[in-house]
Asker: 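Dumping the structure here so I can ask a few things about it.
Chain letters run A, B, ... following the sequence lines, proteins first, then strands; residues in each count from 1. The shown structure was predicted, so the numbers you read here are calculated from the model rather than taken from an experiment.
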There are 2 protein chains.
Amino acid sequence: ASSAPAIAQSQPEIKWRLASSFPKTLDTIFASADVVGKRVAAATNGKFQIQTFSSGEIVPGNQVLDAVQNGTVQCGHTASYYYVGKDPTFAFGTAVPFGLNCRQFNAWWYAGGGDALMNEFYADYNVRGILCGNTGAQMGGWYRKEIKSLADLKGLKMRIPGFGGMVLAKLGVVPQQIAGGEIYSALEKGSIDAVEWVGPYDDEKLGFNKIVKNYYYPGWWEGGPALHLFVNNKAWSELPKDYQAVLEAACHEGNTMMMARYDAGNPQALKRLVAAGVRPKAFPKDVMDACYKATLEIFAENCAKNPKFKKVHDHVMPFRNDLITWMRFTENTFDDFMAGAKK
Amino acid sequence: ASSAPAIAQSQPEIKWRLASSFPKTLDTIFASADVVGKRVAAATNGKFQIQTFSSGEIVPGNQVLDAVQNGTVQCGHTASYYYVGKDPTFAFGTAVPFGLNCRQFNAWWYAGGGDALMNEFYADYNVRGILCGNTGAQMGGWYRKEIKSLADLKGLKMRIPGFGGMVLAKLGVVPQQIAGGEIYSALEKGSIDAVEWVGPYDDEKLGFNKIVKNYYYPGWWEGGPALHLFVNNKAWSELPKDYQAVLEAACHEGNTMMMARYDAGNPQALKRLVAAGVRPKAFPKDVMDACYKATLEIFAENCAKNPKFKKVHDHVMPFRNDLITWMRFTENTFDDFMAGAKK
């Protein structure tokens, strides 16, 4: 049987642990990691197994990058922008305010140079980022009082993390950092005035509509937030080439499936919410304009002091602008006609 | 060495031929098949090889389904709606006029039941359809004369295949079926008045702008045309389960990569076309409205006489309508703001 081991080694048994930043209750976003794990197992006759752990099982949801970086787990499913505290450049891996929508993000990442550029940045953290999921444009959140103009943002205590919170702080909002499990009670007790989460499908699960009815859009700070599978560089380099290829392809599936499931689930969830008395409202124009202006200021501040941030910013923004210009022609015109057509 | 063969059999050497409906010159759409082949080879240590043949090398581009159905090739990369002559239900696999955009198609296919529904239909042709590519909303084509109102469609000789041509025929257009390689000379000689192809990236290659300058949008008959890898059922059933899993994941990559590459390439191509004197114009409202009305009539006619068509129609249309309603809130509002923002 001397030749058997050599052949067997071409498909060695490998077990990885995956730390997710998300709880099992967020089935759409959490399940993307399982989509990857199932595909990888099926494509390797069960030889390459990836076990998914939900937020908190191994590390808290906002420390997944750290766990991958130091090798506690081989990989993690998380949002790059959770780590803006380390470097604001991380935001570009998920979403910056008034950034890319879902399709534009895929174009930038896969065919516009985004993958190479962000992985040059991620390499400093000993990880490789593989695109794996998108929520689409998120809603702008739940508000105790109506937002009728810019003045209504003054003093508003709102649960909103990251860059979006920094922009709103410029306009008088007092951003609150509250973990997922505690938001509902904070809103219920009135210790916060507003909260943003994801969109109808997930928001309905958390039940915010039982407390407030004003549901605003668009979530301009998250026009197409992308998620990644972060993989520890040493674990990656030790992975056989064919397993690497399988994992990358499986992440393509995880990426697409997450967006597809949100798109299939959100319309029905929104219908139920509206039936339960929720009132979707657009942010007033003066609020949108002021937020956009504040965002450009924050981009300029970060570009001035952070060369890594500037490098990605100066790459992605022209790409976004060109794609928006093109989409204004046939893509948006088609969508606009369909939105107005009697069906 | 008695145990070696059993292990080796778990990754047998398999070679498939893939017939593409597209010429190599259309690198974005043709290359999607190569994306799949490369990924499959990499994920199986080169054991599963898929060789791609361009349009005409084995069969003409519009006979790929037949070649897969009868086992001439194991698989083919093609557009389902090329085969509406066999049954108009095939159109739903790619695009019907005023149908799904790219993202909506993915949602319907992967998370809305479209995959199962269409494969129930494809089974009658001895093939399985795996989603593999999308061009996004196409342009509405090149016109010798301006289309200022519905009256300008009367007698217009236009190269436009399939359902779009059937709709336009109701409005006085005389649809022409002309293969890709002969369109340019037909337009140049004046034997046709108009031609639709894909979008700036591909259209620029064919050089229509050297003959005419009126470039209309949107291509309402192709709001998000999807492509498939059709696989012969016997070839599929003989494929090891792990190779099946690899192939499906690879098609996810082919699907996303095609859209990403078009999105990365179209903006620059449009810029070059406009710099060369091309004038992009929106179809007049009365033209759009009349085309939409004619489309609904054709849907009704087909539903009345074709139960297979009706089954898919009655499934996809409510799905589309719900998704459009949801997207009008946060997704379109975000896109609209970005389109108007000073960048």
Side-chain angles (χ1 to χ4, degrees), chain A residues 1-4 7-8 10 39 42-45 98 101-103 106-107 110-112 136-139 217-220 223 242 245-246 249-250 252-253 256-257 259-261 263-264 266-267 270 280 282 288 292 321-326 328-335 337-339 341 343, chain B residues 1-4 7-8 10 39 42-45 98 101-103 106-107 110-112 136-139 217-220 223 242 245-246 249-250 252-253 256-257 259-261 263-264 266-267 270 280 282 288 292 321-326 328-335 337-339 341 343:
Chain A
S2 64
S3 65
I7 293 167
S10 72
R39 176 64 61 182
T44 61
N45 279 313
F98 301 102
N101 70 18
C102 171
R103 194 167 126 184
N106 283 343
Y110 290 126
Q138 298 195 0
M139 289 290 284
Y217 62 88
W220 47 263
D242 54 337
V246 163
H252 267 285
E253 181 176 12
T256 306
M257 286 304 296
M259 188 68 267
R261 287 176 176 173
D263 280 339
N266 274 324
L270 183 66
M288 291 293 290
Y292 184 62
N321 296 348
D322 283 348
L323 201 36
I324 286 173
T325 300
W326 153 241
R328 285 181 72 171
F329 289 92
T330 199
E331 199 74 45
N332 296 2
T333 312
F334 178 76
D335 288 346
F337 182 85
M338 293 311 299
K343 291 175 282 276
Chain B
S2 63
S3 65
I7 294 168
S10 71
R39 176 63 62 183
T44 61
N45 278 313
F98 301 102
N101 70 18
C102 171
R103 194 167 127 184
N106 282 343
Y110 291 126
Q138 298 195 0
M139 288 290 283
Y217 62 88
W220 46 263
D242 53 337
V246 164
H252 267 285
E253 180 176 13
T256 305
M257 286 305 294
M259 188 68 266
R261 287 176 177 173
D263 280 340
N266 275 324
L270 183 66
M288 291 293 291
Y292 183 61
N321 296 349
D322 283 348
L323 200 36
I324 286 173
T325 300
W326 152 241
R328 285 181 72 172
F329 288 91
T330 198
E331 198 74 43
N332 295 1
T333 311
F334 178 76
D335 287 346
F337 181 84
M338 292 312 299
K343 291 176 281 275

Asker: Is it the side chain or the backbone of A:Tyr292 that comes within 4.5 Å of chain B heavy atoms, both, or neither?
Answerer: side chain
Asker: Among B:Asn106, B:Asn266, B:Thr325, who wins on heavy-atom pairs under 4.5 Å with chain A?
Answerer: B:Asn266
Asker: Quick one: what part of A:Leu270 sits under 4.5 Å from any heavy atom of chain B, side chain, backbone, both or neither?
Answerer: side chain
Asker: Which atom pair, heavy atoms only, marks the closest approach of B:Ala260 to A:Ala111?
Answerer: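 Nearest heavy atoms, B:Ala260 then A:Ala111: O-CB, 3.5 Å.
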Asker: Let's test your reading of the structure: which of B:Gly219, B:Gly112, B:Gly223, B:Gly136 forms the most heavy-atom pairs below 4.5 Å with chain A?
Answerer: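 The candidate making the most pairs under 4.5 Å is B:Gly223.
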Asker: Out of curiosity, B:Asn101 CG to A:Asn332 CG, how far, rounded to the nearest 0.5 Å?
Answerer: 10.0 Å
Asker: Side chain, backbone, both or neither: which part of B:Met338 has an atom under 4.5 Å from a heavy atom of chain A?
Answerer: both
Asker: Within a strict 4.5 Å, meaning less than it, do heavy atoms of the B:Arg103 and A:Arg103 side chains meet?
Answerer: no
Asker: Specify the closest pair of heavy atoms between A:Ala137 and B:Trp326, including all atoms of both residues, with the distance to one decimal.
Answerer: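 Shortest heavy-atom contact: O-CZ2, 4.4 Å.
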Asker: Tell me if a side-chain donor or acceptor on B:Thr330 pairs with a main-chain N or O of A:Tyr217 at a distance below 3.5 Å.
Answerer: no
Asker: Are A:Thr333 and B:Trp220 close enough that some pair of their side-chain heavy atoms sits under 4.5 Å apart?
Answerer: no
Asker: Looking at A:Ala250 and B:Ala249, what are the two nearest heavy atoms and their distance?
Answerer: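 Nearest pair, atom of A:Ala250 first, then B:Ala249: N-CB, 4.4 Å.
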Asker: Under 4.5 Å between any side-chain heavy atoms of B:Thr44 and A:Asp242, yes or no?
Answerer: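 With C-beta onward as the side chain, the pair stays apart.
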Asker: Against chain B, work out which of A:Ala264, A:Cys102, A:Pro218, A:Ala42 has the most heavy-atom pairs shorter than 4.5 Å and name it.
Answerer: A:Pro218
Asker: When heavy-atom pairs shorter than 4.5 Å are enumerated against chain A, which of B:Ala43, B:Pro280, B:Ala282 gives the highest number?
Answerer: B:Ala43
Asker: State the OH-CD distance between A:Tyr110 and B:Glu253, to the nearest 0.5 angstrom.
Answerer: 8.0 Å
Asker: Can you tell which part of A:Met259 gets under 4.5 Å to a heavy atom of chain B, answering side chain, backbone, both or neither?
Answerer: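 Answer is side chain: those atoms of A:Met259 sit under 4.5 Å from chain B.
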Asker: Check each atom of A:Thr256 against the heavy atoms of chain B and say whether the ones under 4.5 Å are side chain, backbone, both or neither.
Answerer: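 A:Thr256 touches chain B through side-chain heavy atoms alone.
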Asker: Check whether any side-chain heavy atom of B:Asp335 sits under 4.5 Å from a side-chain heavy atom of A:Glu331, and report yes or no.
Answerer: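 A side-chain contact is absent here, since even the closest heavy-atom pair is not under 4.5 Å.
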Asker: Anything under 30° is parallel, anything over 60° is perpendicular, the rest tilted; go ahead and classify B:Phe98 against A:Phe337.
Answerer: tilted
Asker: Measuring heavy-atom distances to chain B, does A:Met257 have an atom under 4.5 Å in its side chain, in its backbone, in both, or in neither?
Answerer: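 Side chain of A:Met257 only, per the 4.5 Å heavy-atom cut-off to chain B.
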Asker: Before giving the answer on side chain to side chain contact (heavy atoms under 4.5 Å, CB included), spell out for A:Arg39 and B:Val246 the whole-Å C-alpha distance, their side-chain angles and the decisive distance to 0.1 Å.
Answerer: CA-CA 8 Å; A:Arg39 176 64 61 182; B:Val246 164; over 6 Å; no
